[in-house]
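Quick caveat: nothing in here was measured; it's all calculated off a predicted structure. All values below were derived from every heavy atom in this structure, side-chain atoms included, with hydrogens, water molecules and symmetry-related copies excluded.
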Amino acid sequence: MNPSSPIRKFATGSYFLILQNLVNYGIGSVFWLILAKMVDPISIGQSMVVIAFATTIIGFIGYGISVTLQRYISEYNARNMPHTSRRVLKSAIKMSLIMSGGIALVVTLISHQLATTAYHDPSISSLLVLIILTYFPSQIINSVMFGAFVGTQMTKYAALGDFIFQISRIALVAVMSLGNIGPFGILVSFSISSILALAVSYLYSLPRALPKLDRKDEANEANEDIRHLIKFSGLNYLAVGLRNATAQIGVLILATQNFEWAAFYGIAALLSKVVGAASISVSHALLPAASEQLVKGDKIELSKMINTAMRMSIFVSGFFFTILVLEPSYFLNLISDAYVGGASALRILIIISISHAVTSIFTSLLNASNRAIDVAKIEIVSSVTAIVLAFILVPTFGLEGAALALLIGSACSLILSLVAIKREEKLSISVINLLKPIVPIAVALTVGYTLIIAVDLVVGLVATIVSYIISSLKYGVIKKSELKELFVIVMHPVKSR
């Protein structure tokens, strides 16, 4: 495969984003698992609800502009307009800082009332103020940086930023563990790590992804009006914000009942996210790659890219799915007996991760086709459904109620996204490629369950992995040539860029 071909650039970008998400979810899960062994569930739950609150707000501010940058920086670069790309990034940073400052002020003023009314714990107030004044603004700019790196298809810098954040966070907690670490110490590790990641991204990565240009050349570049980005960003603020709010709503509502429940659900949610990490990574890489091909009008290359992405991303997600869904209580028991209570919720959340992973690919394709309004409509329907159901089901069914609400909302999002994709003439989606992984997953689960019952758990898990890989190759979910190409990219990622 030509190293400069669109499919190769897309595959390499996907590789770095998969690496980034494995770092993010993998090391992130390890971070919480270590804490779960060191700190009581109540402290874990208090920390998680504060982070969930901040993440929900960041979703409405930072993540929306990140999607916009992924979409338009790639387009402007394809049109040979690097000055416009830098201008869009500068505007995004200024806009994010202004909005984060205003929201930080409001949250600081209402923090005490929020803590006492919703969670009946005044100590949550000081934790909210800490996180909203430190972690919140730095993480918003980090999300802007992420959008710029994906938009330039320099995804190795996105992976670097997450790596710095995760490693710093673990190192800080390791130092703090020498004393008596509590919710305050956990949140301090988040804030310092986020600031360190931002410093590396801004001072080291950004000049390499979007180097400064000679102002003399700017006059030769077409004067592009970027006001249309506001409409696109606004729709994505709403869509991405609702999506993140839906993901966090379980922890936020469960914490009003019991901080331990919030901890159990939060740990289960972290483990489940590993399942969809690959597909979500591919969806991030697909947005700028698809935008570039749509600008060039290359429908054949685009169709090949889309269908290859779907097959391979679901293949990787299915690998983790088959392992975790077999016996979730086994993995939770490795943390502590107390967390086994989240096993049923974890099994539901694992199924949701597969659905969300496929939906994220469809969402990227719709955004690449300038169908942000459809994305927003889908997110409004599915997210409002999930949030309303969470308020209804959590008081009655607890952890499982939160997971079921999310499952119904996720199913709505998947169905509506598929309908919207089918209406887009420029995009060609193969339903066969979408459904192919079902057979290998069914084979692997059948073999795994049989051997777990007949022999033991370890033998069943190993057999599940082997049978899944073999059946995937036999059924054509993935080809040997594609595995070889991925191996080349993994062994020579820098040259591939």
Practice item. Show your working on side chain to side chain donor-acceptor pair (under 3.5 Å) between Ser194 and Gln139 and close with a plain yes or no. Key: CA-CA 6 Å; Ser194 180; Gln139 199 63 12; 2.7 Å; yes
Contacts table for residues 182-192: side-chain donor-acceptor under 3.5 angstrom, sequence neighbours left out:
residue: Ser189; atom: OG; partner: Ile186; partner atom: O; Å: 2.4
residue: Ser191; atom: OG; partner: Thr134; partner atom: OG1; Å: 2.6
residue: Ser191; atom: OG; partner: Leu187; partner atom: O; Å: 3.3

Side-chain donor-acceptor pairs of residues 381-397 under 3.5 Å, sequence neighbours excluded:
residue: Ser382; atom: OG; partner: Ile378; partner atom: O; Å: 2.9
residue: Ser383; atom: OG; partner: Leu242; partner atom: O; Å: 3.4
residue: Ser383; atom: OG; partner: Thr246; partner atom: OG1; Å: 3.2
residue: Ser383; atom: OG; partner: Glu379; partner atom: O; Å: 2.8
residue: Ser383; atom: OG; partner: Glu379; partner atom: OE1; Å: 3.3
residue: Thr385; atom: OG1; partner: Val381; partner atom: O; Å: 2.6

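Residues Thr56 and Asn244 form no side-chain contact, since every pair of their non-hydrogen atoms from C-beta on lies 4.5 Å or further apart. Between Val459 and Asp456, the closest side-chain pair of non-hydrogen atoms falls below 4.5 Å. Taking 4.5 Å as the limit, every side-chain heavy atom of Leu461 sits out of range of all side-chain heavy atoms of Ile465. Residues Asp40 and Glu260 form no side-chain contact, since every pair of their non-hydrogen atoms from C-beta on lies 4.5 Å or further apart.
The closest donor-acceptor contact from the side chain of Ser193 to the backbone of Arg169 lies under 3.5 Å. In terms of modelled atom types and a separation under 3.5 Å, the side chain of Thr116 and the main chain of Gln113 share a donor-acceptor contact. Judged by distance alone, the side chain of Ser100 and the main-chain N or O of Leu97 form a donor-acceptor pair under 3.5 Å. In this structure a side-chain-to-backbone donor-acceptor pair under 3.5 Å is present from Ser353 to Ser272. In terms of modelled atom types and a separation under 3.5 Å, the side chain of Tyr468 and the main chain of Phe315 share a donor-acceptor contact.
Closest approach of Ala148 to Ile73, counting heavy atoms only: CA-CD1, 3.9 Å. Taking each heavy atom of Ala36 and Tyr339 in turn, the nearest pair found is CB-OH, 3.7 Å. Minimum heavy-atom separation, Leu346 to Ala268: CD1-O, 3.1 Å. Here the shortest heavy-atom pairing between Val251 and Gly266 reads CG2-CA, 4.1 Å. A pairwise comparison of heavy atoms in Thr322 and Ala444 identifies CG2-CB, 4.0 Å as the closest pair.
Atom CG of Leu349 is separated from atom CG of Leu324 by 11.0 Å, given to the nearest 0.5 angstrom. Within the model, atoms CD1 of Ile267 and CZ of Phe331 stand 15.0 Å from one another, a figure rounded to the nearest 0.5 Å. For the atom pair CG of Leu399 and OH of Tyr265, the computed distance is 8.0 Å after rounding to the nearest 0.5 Å. Atoms OH and CD1, on Tyr202 and Ile141 in that order, are 9.5 Å from each other to the nearest 0.5 Å. For the atom pair CD1 of Ile58 and OG of Ser66, the computed distance is 12.0 Å after rounding to the nearest 0.5 Å. The structure places CE of Met48 at 10.0 Å from CD of Gln248, a figure rounded to the nearest 0.5 Å.
Taking the side-chain hydrogen bond (donor to acceptor under 3.5 Å, both in side chains) definition, one finds that Ser111 meets it with Ser125, sequence neighbours left out. Residues meeting the side-chain hydrogen bond (donor to acceptor under 3.5 Å, both in side chains) test with Asp121, sequence neighbours left out: Gln46, Ser123. In terms of the ring-ring contact (aromatic ring centres under 6.0 Å, His included) criterion, residue partners of Tyr157 (sequence neighbours excluded) are, by chain and number, Phe149. Listed by chain and residue number, Ser410 satisfy the side-chain hydrogen bond (donor to acceptor under 3.5 Å, both in side chains) test with Ser355 (two or more places apart in sequence, or in another chain).
Leu127 pairs with exactly one of Ile131, Ile124, Val129 by the side chain to side chain contact (heavy atoms under 4.5 Å, CB included) rule, that one being Ile124.
A donor and an acceptor atom, one from each side chain of Ser329 and Glu327, are located under 3.5 Å apart.
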